[in-house]
Number of protein chains: 2
Amino acid sequence: MKSPTELTELFRAQGLKVTPQRQCIFRALHGNDRHPTAEAIHEQVTAEMPTVSLRTVYQTLHDLADMGELVELDLGTGSGRFDPNLEPHQHVVCDGCGRVYDVVVDVSPIRTPRFANGFRVDRTEVVFRGRCRACSAAAGS
Amino acid sequence: MKSPTELTELFRAQGLKVTPQRQCIFRALHGNDRHPTAEAIHEQVTAEMPTVSLRTVYQTLHDLADMGELVELDLGTGSGRFDPNLEPHQHVVCDGCGRVYDVVVDVSPIRTPRFANGFRVDRTEVVFRGRCRACSAAAGS
DNA sequence: TTCCAATTAACAATCATTGAAGATTGGTGC
DNA sequence: GCACCAATCTTCAATGATTGTTAATTGGAA
Ligand SMILES: [Mn+2]
Ligand SMILES: [Mn+2]
Ligand SMILES: [Zn+2]
Ligand SMILES: [Zn+2]
């Protein structure tokens with residue numbers, strides 16, 4: 001994702017308004033590697049601007065996703081995750097706490113299957129599931 | 001998943017009752033490679049037994065999943081999918097119609113990442129996303 | 001056949017997300 | 001600096017998938 005400053009320019013260039021709400025959301029996302037939910041961003045934003053609605057957060061997240069500045073992920077954790085990391089990478093998901101970590105793996109050795117029925121594969125997603133150290137310890141007790 | 005007959009025995013052996021509703025659900029799942037939603041199973045079941053509730057379908061699906069006779073998948077298609085295929089395999093998902101196909105790929109060449117923070121990876125999921133022939137054609141028009 | 005715990009059906013509630021509509025405001029042009 | 005209006009924001013209702021609750025029903029052991 002671009003920096004808040006660059007996003008401000010980008011929004012203006014596209015004829016979109018740059019509101020304080022949006023800028024606050026830009027800042028909450030910038031450099032955020034926690035794969036936050038809309039709710040998580042909302043909490044972070046309301047700490048600074050208490051009146052911002054969750055609806056506005058969703059709208060801005062989708063605007064950014066539409067512009068390709070953000071990727072929305074569905075990792076089966078109950079709610080969508082938003083990822084400002086646009087580099088090709090894969091994810092590690094904890095079954096216990098739902099935390100998501102980035103990981104770079106070479107997926108090229110996976111042979112993309114060929115389908116007789118004309119299915120066109122656009123992307124290959126790899127998700128590593130398991131338990132983080134804290135959740136392993138908790139489950140063992 | 002075991003056959004309806006075997007499941008009947010298995011349920012009895014576990015002290016669970018074998019109701020006509022459950023048997024009908026067993027039959028709807030047996031050999032089903034469509035990765036049905038609870039709703040889809042419910043439709044199939046109500047064709048034969050119109051009074052079966054969706055709640056009962058969910059309950060039985062979860063019972064089967066708890067017994068390891070079924071795998072519940074969240075492939076980001078909006079609702080959970082239930083898979084009676086217990087062989088190791090991966091999935092191909094159409095972004096258009098949400099249909100899910102089985103595919104067997106060798107995931108062993110993917111190096112499971114090692115994490116300094118003690119994350120224990122239990123399984124590696126690979127999802128191939130794209131469009132089926134019908135949806136490619138529809139999108140092109 | 002009796003009986004009771006397991007199961008079922010009906011329905012309310014939850015959670016994440018989206019729809020709708022009226023109130024507010026960024027920023028362009030004066 | 002001020003007026004204006006489309007874009008945006010807030011509020012609140014609605015959606016769709018799933019789960020909680022509870023009273024009525026029933027499988028199957030005795
Ligand atoms: Mn990521
Ligand atoms: Mn499958
Ligand atoms: Zn964890
Ligand atoms: Zn399709």
Side-chain angles (χ1 to χ4, degrees), chain A residues 4-5 7-26 28 35-43 45-46 48-67 70-83 98 100, chain B residues 4-5 7-26 28 35-43 45-46 48-67 70-82 97-98 100:
Chain A
T5 312
L7 287 176
T8 296
E9 292 170 23
L10 183 65
F11 269 59
R12 289 245 170 77
Q14 307 221 349
L16 300 175
K17 292 180 178 175
V18 179
T19 63
Q21 290 92 334
R22 286 182 169 174
Q23 290 183 310
C24 192
I25 294 168
F26 296 167
H35 304 83
T37 61
E39 184 67 49
I41 292 296
H42 184 236
E43 279 171 27
V45 163
T46 47
E48 195 177 320
M49 296 183 61
T51 65
V52 177
S53 73
L54 181 56
R55 191 68 179 92
T56 296
V57 172
Y58 271 108
Q59 272 160 355
T60 302
L61 290 173
H62 286 141
D63 289 344
L64 287 166
D66 290 346
M67 292 178 180
L70 213 51
V71 176
E72 179 167 4
L73 305 171
D74 186 337
L75 294 166
T77 52
S79 37
R81 303 299 197 104
F82 294 86
D83 193 347
V100 178
Chain B
T5 312
L7 288 177
T8 296
E9 292 168 24
L10 183 65
F11 269 59
R12 289 245 171 78
Q14 307 221 347
L16 300 175
K17 292 181 178 176
V18 178
T19 63
Q21 291 92 333
R22 285 183 169 172
Q23 290 183 312
C24 192
I25 294 169
F26 296 166
H35 303 82
T37 61
E39 186 67 49
I41 292 295
H42 184 236
E43 280 170 27
V45 163
T46 47
E48 196 176 320
M49 297 182 60
T51 65
V52 177
S53 72
L54 181 56
R55 191 71 179 87
T56 297
V57 172
Y58 271 109
Q59 272 160 354
T60 302
L61 291 173
H62 286 140
D63 288 344
L64 288 166
D66 289 347
M67 292 178 181
L70 214 52
V71 176
E72 179 168 3
L73 305 171
D74 185 338
L75 295 166
T77 53
S79 38
R81 302 300 197 103
F82 294 87
C97 60
V100 178

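Sequence lines set the chain letters: A, B, ... in the order given, protein chains first and strands last, and positions in each chain run from 1.
- Heavy atoms of Q21(B) sit under 4.0 angstrom from primed sugar atoms or phosphate atoms, though from no base atom.
- Contact record, V52(B) with T46(B): O-CG2, 3.5 Å, taken as the closest heavy-atom pair.
- Closest approach of F26(A) and T8(A) over heavy atoms only: CE1-N, 4.1 Å.
- In this structure, R22(A) does not reach the dG26(C) phosphate: none of its side-chain N or O atoms is under 4.0 Å from OP1 or OP2.
- Considering only the side chain of T56(B), dT8(C) comes nearest among dG27(C), dT10(D), dT8(C).
- Atom CG in L73(B) sits about 12 Å away from atom P in dT18(D), given to the nearest Å.
- In terms of phosphate contacts, H62(B) brings a side-chain nitrogen or oxygen within less than 4.0 Å of OP1 or OP2 of dT19(D).
- Remark: C1' of dA16(C) and CZ of R81(A) are 13 Å apart, rounded to the nearest angstrom.
- Residue-level contact check: S53(B) touches the bases, meaning some heavy atom is under 4.0 Å from a base atom.
- Between the CZ atom of F11(A) and the P atom of dT8(D) there is a distance of 8 Å, rounded to whole Å.
- Regarding K17(B), its NZ atom lies at a distance of 7 Å from the P atom of dA6(C), rounded to whole Å.
- One atom, CG of L54(B), and another, P of dA10(C), lie 12 Å apart when rounded to the nearest Å.
- Residues E72(A) and P20(A) both approach DNA chain C. Their nearest nucleotides, taken by heavy-atom distance, put E72(A) toward the 5′ side.
- When rounded to the nearest whole Å, the span between CD1 of I41(A) and C1' of dT17(C) equals 16 Å.
- In plain terms, the two heavy atoms of V45(B) and C24(B) that are nearest each other are CG1-SG, 3.9 Å.
- Taking atom CD of residue Q14(B) and atom C1' of nucleotide dA29(D), one finds them 18 Å apart after rounding to whole Å.
- Each of R55(A) and V18(A) lies near DNA chain D, and the nucleotide nearest V18(A) is the one positioned closer to the 5' end.
- Nucleotide dC9(D) holds its C1' atom 12 Å from the CG atom of D63(A), rounded to whole Å.
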Handout entry: V18(A) and R12(A): CA distance, side-chain angles, deciding distance, side-chain contact (heavy atoms from CB on, under 4.5 Å) verdict
Key = CA-CA 7 Å; V18(A) 179; R12(A) 289 245 170 77; 3.8 Å; yes
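- Backbone-only contact: T19(A) has heavy atoms under 4.0 Å from sugar-phosphate atoms and none from a base.
- In this structure, T37(A) reaches neither bases nor backbone, as no heavy-atom distance under 4.0 Å exists between it and the strands shown.
- Between H35(A) and the options V100(A), V71(A), L75(A), a side-chain contact (heavy atoms from CB on, under 4.5 Å) holds for only V100(A).
- Using a 4.0 Å heavy-atom criterion, one finds that H42(B) contacts no nucleic acid atom at all.
- Across all strands shown, G15(B) has no heavy atoms under 4.0 Å from either base or sugar-phosphate atoms.
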